[in-house]
Amino acid sequence: MSKIIITLPDQSKKEYESGVTIGEIAYDIGKRLGKDAIAGKINGKLVDLKTEVCNDSEIEIITFSSPEGPDVFRHTTSHILAQAVKRLFPEVQLAIGPAIDDGYYYDFATSQPFTPEDLEKIELEMNEIIRQDLPVERHEICRADAIRMFQEKGEKYKLELIEDLPEDAQISYYTQGEFMDLCAGPHLPSTGKVGAIKLTSVAGAYWRGDEKRGMLQRIYGTSFLSDKELKDHLERIEEAKRRDHRKIGKELDLFSLHDEGPGFPFFHPKGMIIRNELENYWKKEHIKRGYQEVKTPIALHADLWKRSGHWDNYRQNMYFTEIDEQGFAIKPMNCPGGMLLYKRDIHSYRDFPLRVGELGLVHRHELSGTLHGLMRVRCFTQDDAHIFMLPTQIVDEIQNVIKLADEMYRVFGFEYEVELSTRPEKAMGTQEEWDLATSKLQEALDSMGMSYKINKGDGAFYGPKIDFHLKDCIGRTWQCGTIQLDFQMPERFDLTYIGADGEKHRPVMVHRTIFGSIERFLGILIEHFAGAFPTWLSPVQVRILPIADRHVEYAMKIKQELFNDDIRVDVDDRNEKVGFKIREAQAEKIPYMLVVGDKEMESGNVSLRTREAGDQGSISTQQFHEMVVADIRSKRNPLTCNT
RNA sequence: GCCCACGUAGCUCAGUCGGCAGAGCGUAUCCUUGGUAAGGAUAAGGUCACCGGUUCAAUCCCGGUCGUGGGCUCCA
């Protein structure tokens, strides 16, 4: 009989009989580490604690605190959820129930939807199962037996899953008490190991994500080792709610949505100030980098969209209208208009790369259920640009765009993730073209040493793309910037340039955005700063608070001085006390407040109060003036990202 | 688009197991001229999302439409 030798964390070696399970070894290791072993990895693959170890196995032990740990105990919690549902509603069929970020869900096929009261009952039953501390056991059977077993139980979704597995597959299932579930594992050793649980919501979800298949009832929940961790988690969710751009947008009077225009946001004067600042900044940065700016029309003839491929590939997202008995479409993208502009002139290779920017208003008929504040709307302004170039310029030019995006995101203090999306199922062009385009994007990223994730099949219908996902203060990510290589549009529109040889050639084209859409970017900014914008973006930068009526004239004089320097300043001359005015200015997140009364009028100073630091004492008007101008010019970020 | 929940004053929300609709904030007017996060008084404000049904009577019960929220799918 062969022996298995394992090196323990303290470098001591221990010998085991063959047939030892990873659980037995984990127990020894766990004892030494003072931690609970909940699962193990053999050769990098998560396995159950009952899996046998061979001599050449590379073993890793998963504890509650290791990165995979939460997945394991949340997966077990999802089984506890399913068990509780089965106890209360025996007729319900089980679909799937994985661990997800921060929690888990389980999909059920039911005749009646779950009510909030049902959730409460299920939660109580789950706590009962945890209290019973049922051992979780792994079993393996062959595929045929598994099919027989789940047929008997009448679990048709489970059957479908098994039938998709290869003929010779060993099928694992798990039991805890009276409950059993098809599952690859791994799981906690017993249900009592789960700490605090909470069911968060119930929602509909399609079986296997396919809208043509049935709609299932999905219960979402989360679980943590301790009540404290659960409490912290729920507090983070509360913080996200406090930062919700829809709430802050209303409170700060930035924008609104109306029943009369679902998904078509209205921008209020204060929201427009931020928009305009963003757009002006965008224009400045682009002019610096050799971009020209154009504006193309919103409605264009249907023939153009047939030619561009949007008719065939994007029609279900487009709005149409009729002008003089001719079909027109409202543009969902800016490119076809840009193509027409390009074709007006004969272009020389000497003019390349030709960078043409457009803050273009596009309309897309998004499904009603997907609309979300400013993040997902039906009309939005893309900070678009089309770059025409020689094939040899692709890598350089894409790097230029990546650098521009990096610089602009940095100004706002954003961290971001990069993704590369490849050919989708519905796509124009040949595989070779796609491979070439994709490899160019990859080359640009690789040579800059960027780390990125590959999203297979997620590209646009005309080309592969690099996406920038911005991370907000509390770690959520949103897709904003995109760089899309397009070999199709130039072909379809027969774009040409005159090369050094005097002959016509086909240019390469890139579509790109940095903000993505002004609307979404503003939404993210609101949440990122929780409404406390850096001074350069603040709708009101300075508010002057006269103490009594006799100080208003002095306040107006200071206001005029600042106003002459394009500082956004107002005077709160309402008949209220200073305390009240400060309270309101603070709620409006105005960066600077100036209190003026008898003392200030006499000395010619102002009393400064800042949004972040409160009372700052007396300062000369001149000094304050210079301070604000410098602050605005620096685009400095406030220190609000500390959650 | 699909599943679930929701829709009451400008805002945040009570409320009516079917019988004249409520608070706080905000707004207006008046008093107060006050020194760093809410001074006081008075008043105006609602077809209870919309359309239909049941009923002596509907904001409430039922059906539909629209919208919003959380998900699915999709996406900047």
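Protein chains get the first letters and strands the later ones, always in sequence-line order, with residue 1 at the start of each.
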- [ ] With A:R275 as the cation and A:F267 as the aromatic partner, state whether NZ or CZ is under 6.0 Å from the six-membered ring centre and within 45° of the axis.
- [x]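 Yes, A:R275 and A:F267 form such a contact.
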TODO: Test the A:R74-A:F224 pair against the cation-pi criterion, namely NZ or CZ under 6.0 angstrom from the six-membered ring centroid and within 45° of the ring axis.
DONE: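 Yes, A:R74 and A:F224 form such a contact.
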Protein and nucleotides 66-69 of chain B: nitrogen or oxygen contacts under 3.5 angstrom:
| from | atom 1 | to | atom 2 | distance (Å) |
| --- | --- | --- | --- | --- |
| B:G67 | O2' | A:D259 | OD1 | 2.5 |
| B:G69 | OP1 | A:R246 | NH1 | 3.1 |
| B:G69 | O3' | A:R246 | NH1 | 3.4 |

Starting at atom [atom1] of [X], determine the distance to atom [atom2] of [N], rounded to an integer number of angstrom.
X: A:K247; N: B:C25; atom1: NZ; atom2: P; answer: 19 Å
X: A:M318; N: B:C75; atom1: CE; atom2: P; answer: 16 Å
X: A:I524; N: B:C75; atom1: CD1; atom2: C1'; answer: 13 Å
X: A:R208; N: B:C72; atom1: CZ; atom2: P; answer: 18 Å
X: A:Y314; N: B:A76; atom1: OH; atom2: P; answer: 6 Å
X: A:H365; N: B:U73; atom1: NE2; atom2: P; answer: 19 Å
X: A:D107; N: B:G71; atom1: CG; atom2: C1'; answer: 11 Å
X: A:Y220; N: B:G70; atom1: OH; atom2: P; answer: 12 Å

Tell me what [X] touches on the nucleic acid: a base, only sugar-phosphate, or nothing, going by heavy atoms under 4.0 Å.
X: A:V377; answer: base
X: A:E519; answer: nothing
X: A:R550; answer: sugar-phosphate
X: A:D598; answer: base

Could [X] and [Y] be called an ion pair, given the rule that one side-chain N must be under 4.0 Å from one carboxylate O?
X: A:E584; Y: A:R574; value: yes
X: A:R242; Y: A:E239; value: yes
X: A:D598; Y: A:R550; value: yes
X: A:E407; Y: A:K403; value: no
X: A:K331; Y: A:E358; value: yes

Task: Residue list, salt bridge (charged side-chain N to carboxylate O under 4.0 Å, His left out) with A:D244, at least two apart or on another chain - done: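 Here the qualifying residues are A:R246.
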- [ ] Can you sort out the partners of A:D312 under side-chain contact (heavy atoms from CB on, under 4.5 Å), two or more places apart, ordered by chain and number?
- [x]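 Residues passing side-chain contact (heavy atoms from CB on, under 4.5 Å) with A:D312: none at all.
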TODO: Would you mind telling me which residue lines up with the more 5' stretch of RNA chain B, A:D549 or A:R574, judged by nearest nucleotide?
DONE: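 The residue whose closest nucleotide sits nearer the 5' end is A:R574.
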Task: Along RNA chain B (nearest heavy atom to each residue), the more 5'-positioned of A:S517 and A:G597 - done: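 This one resolves to A:G597.
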Open item on the list: On a heavy-atom basis, which atom in A:F533 and which in A:S538 lie closest, and how many Å separate them?
Closed with: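 It is O-OG, 3.2 Å.
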Expressed in whole Å, how much space separates the [atom1] atoms belonging to [N] and [M]?
N: B:G45; M: B:U29; atom1: C1'; result: 15 Å
N: B:G18; M: B:C74; atom1: C1'; result: 44 Å
N: B:C48; M: B:U33; atom1: C1'; result: 42 Å
N: B:U59; M: B:G1; atom1: P; result: 29 Å
N: B:G39; M: B:G35; atom1: C1'; result: 14 Å
N: B:U36; M: B:C20; atom1: C1'; result: 48 Å
N: B:C3; M: B:G63; atom1: P; result: 15 Å
N: B:A41; M: B:G52; atom1: C1'; result: 47 Å

Answer yes if the ring centres of [X] and [Y] are under 6.0 angstrom apart, and no otherwise.
X: A:Y106; Y: A:Y220; value: no
X: A:H365; Y: A:Y319; value: yes
X: A:F264; Y: A:H258; value: no
X: A:F529; Y: A:F412; value: no

- [ ] Can you check whether any acceptor in the base of B:C3 is under 3.5 Å from a donor in the side chain of A:R218, or vice versa?
- [x]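 Absent.
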- [ ] Please confirm whether any donor atom in the side chain of A:Y206 sits under 3.5 Å from an acceptor in the base of B:G1, or the reverse.
- [x]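 Result: at least one qualifying N/O pair found.
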Are there any protein N/O atoms within less than 3.5 Å of an N/O atom in nucleotides 8-12 of chain B, and if so, which ones and at what distance?
| from | atom 1 | to | atom 2 | distance (Å) |
| --- | --- | --- | --- | --- |
| B:U12 | OP1 | A:K250 | NZ | 2.9 |

Task: Passing option when A:F521 is tested against A:W478, A:F414, A:F380 for ring-ring contact (aromatic ring centres under 6.0 Å, His included) - done: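 Of all the options given, the one that passes is A:F414.
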TODO: Using a 4.0 Å cut-off on protein heavy atoms (strictly under), produce a 5'-to-3' string for nucleotides 36-45 of chain B with B for base contact, S for backbone-only sugar-phosphate contact, and - for none.
DONE: BBBB------
- [ ] Would you indicate which nucleotide in B:U27, B:U33, B:C72 comes nearest to any side-chain atom of A:A548?
- [x]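 Output: B:U33.
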- [ ] Please determine, for the side chain of A:A203, which listed nucleotide (B:G71, B:C75, B:C72) has the closest atom?
- [x]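 Minimum distance to the A:A203 side chain belongs to B:G71.
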Open item on the list: I want to check one thing: is the phosphate of B:A76, taken as OP1 and OP2, less than 4.0 Å away from some side-chain N or O of A:Q479?
Closed with: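 Yes, such a contact exists.
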Task: Heavy-atom donor-acceptor pair, A:W282 side chain to A:E277 backbone, under 3.5 Å - done: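 No.
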- [ ] Enumerate, in order of first residue number, the stems that involve RNA chain B, defined as 3 or more consecutive Watson-Crick or G-U wobble pairs with both distances under 3.5 Å.
- [x]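 Stems found: B:1-7 with B:66-72, B:10-13 with B:22-25, B:27-31 with B:39-43, B:49-53 with B:61-65.
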Open item on the list: Is B:G35 syn or anti, taking syn as a glycosidic angle within 90° of 0?
Closed with: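 Chi for B:G35 falls in the anti range.
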